[in-house]
Amino acid sequence: MTRSYPVALGGRAYDVVVGPGLIDRAGERIAPLLRNKRTAIVTDSNVGEHHGERLSVSLERAGVAVDVITVPAGEESKSFEGLADLSDRLLALRLDRGDVIVAFGGGVVGDLAGFAAAIYKRGIDFIQVPTSLLAQVDSSVGGKTAIDTPRGKNLIGAFHQPRLVLADLDVLCTLPAREMACGYAEVIKYAMLGDADFFAWLEAHSAAVLDRDIDALAHAVGRSVEMKAEIVAEDETEQGRRALLNLGHTFGHALEAETGYGETLKHGEAVAAGCGLAFRFSAALGLCDPADAARVERALKAAGLPAGMADVPGHPFSADRLIHHMGQDKKAEGGALTFILARRIGEAFTVKGVDPDTLRRFLIAQGATP
Ligand code: GLY
């Protein structure tokens, strides 16, 4: 059931391995990649609680020396302070360029440790061992690393590809249901943007995926990773097609900003609501059949995810405030609003320079306040 998905980036190519039991066998996969047989595992307290020392034990069994750095769990670690603290602890360990950082955790740990690896002594190799569904299908693959600033999320960062990604499906068994649903939002996003057959498969198998059926997970995670690997290999630094991975994100980020980037609306939920809105906006602009937008909404709701603004706590939101947040988005070029919209399920495309008045009318029609 274990399968490797190559990310074809020439001299920086790497594999994303998807399957059960990978943490306990991580040493044998990681050791051959190491020059110095020395690693620093960066993790957080939650991961330690659920997975204990299994990764260290596996590495040590393969003859790899291990130091473990535990950072506080939560988005606050993805900050300049968190980065300074982690860098200092790596320096205190005298980690050098031939050594490797292993990011063992969810998206926060992966983004923080990956960015630290990108700049530590001008760059050191790192490996991702993602422990959330969201990190397995999205953030651990493709080399985007970043921290947040008070002005916004992921604004300071670097493209730094990992040497290997090990996505152990067993770790998903201890993931809270809400976190599973958040990861599922990114899974179904791949289907919506580029694979109608995968979308139909997910319509039939969402319960199995969310119940952690291992075969269903292997297909859902595997197909997501395969699609991301293919897009990243074609457009590593997001000059074109990679932007399609941001389907649902312009609307989603605005809703996250309005709800305070916290427990009220988690990132995956914001992406789900954003995808629902992106399809409805596409339908409102006459780009896509309203029946596709309705089908997207049903699929999101079947997974317990929000499918539009009315499903988000805090509704109704102010149209002007939402548009203001959209203008702050990294993807907004020179203030022009960029959206990923859809012609149908499985076919997304980028639209630049969306007219703010048209957008405003759409948001108000969706229940936002004028
Ligand atoms: N999460 C979107 C990307 O990696 O491009």
Side-chain angles (χ1 to χ4, degrees), residues 5-9 12-16 18 75 78 103 105-115 117-118 126 128 130 132-148 152-162 164-165 167 179 182-195 220-221 223-257 261 266-275 278 326 329-333 338-342 348-350 352:
Y5 299 89
V7 185
L9 286 168
R12 291 171 299 110
Y14 58 96
D15 280 338
V16 183
V18 177
E75 189 78 22
K78 260 183 72 174
V108 167
V109 164
D111 280 4
L112 171 68
F115 186 41
F126 86 116
Q128 293 265 25
S132 68
L133 179 58
L134 196 142
Q136 292 190 351
V137 298
D138 183 29
S139 55
S140 69
V141 181
K144 278 190 182 174
T145 72
I147 56 170
D148 307 331
K153 297 227 313 171
N154 297 325
L155 292 180
I156 304 293
F159 286 100
H160 186 54
Q161 300 292 341
L164 174 70
V165 182
E179 296 297 330
C182 283
Y184 185 82
E186 297 282 357
V187 170
I188 198 165
K189 178 199 77 176
Y190 289 106
M192 290 176 201
L193 71 89
D195 187 345
V221 176
R223 180 63 188 135
S224 301
V225 161
E226 184 174 49
M227 287 182 72
K228 180 148 190 188
E230 194 242 314
I231 291 171
V232 166
E234 183 186 310
D235 178 23
E236 183 182 6
T237 55
E238 202 169 304
Q239 306 303 311
R241 194 168 161 226
R242 186 166 181 168
L244 299 183
L245 299 176
N246 296 322
L247 177 65
H249 282 60
T250 305
F251 287 113
H253 281 156
L255 291 169
E256 274 185 288
Y261 292 106
K266 287 175 159 283
H267 177 65
E269 294 162 346
V271 168
C275 285
M326 291 173 193
D329 202 272
K330 281 199 293 310
K331 295 178 294 299
E333 282 174 25
T338 299
F339 283 85
I340 310 304
L341 299 179
F349 66 108
T350 303
K352 291 192 175 171

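Below, all heavy atoms of this structure are taken into account, side chains as well, without hydrogens, waters or symmetry copies. Just so you know, ligand 1 is whichever comes first in the structure, and atom 1 is the first atom listed for that ligand.
When heavy-atom distances to ligand 1 are checked against 4.0 Å, the residues falling inside are Asp138, Lys144, Lys228, Glu238, Arg242, Leu245, ordered by chain and number.
Qualifying side chain to side chain contact (heavy atoms under 4.5 Å, CB included) partners for Ser224, counting only residues two or more places apart in sequence or in other chains: Val137, Val187, Tyr190, Phe198.
Using a 4.0 Å cut-off between charged nitrogen and carboxylate oxygen, Glu238 and Lys144 count as a salt-bridge pair. Using a 4.0 Å cut-off between charged nitrogen and carboxylate oxygen, Glu230 and Arg241 count as a salt-bridge pair. Between Lys266 and Glu256, none of the side-chain N atoms (NZ, or NE/NH1/NH2) sits under 4.0 Å from a carboxylate O, so this pair counts as no salt bridge.
The closest donor-acceptor contact from the side chain of Lys78 to the backbone of Val108 lies at 3.5 Å or more, if one exists at all.
Here the closest heavy-atom approach between residue Tyr14 and residue Gln161 is recorded as OH-OE1, 2.6 Å.
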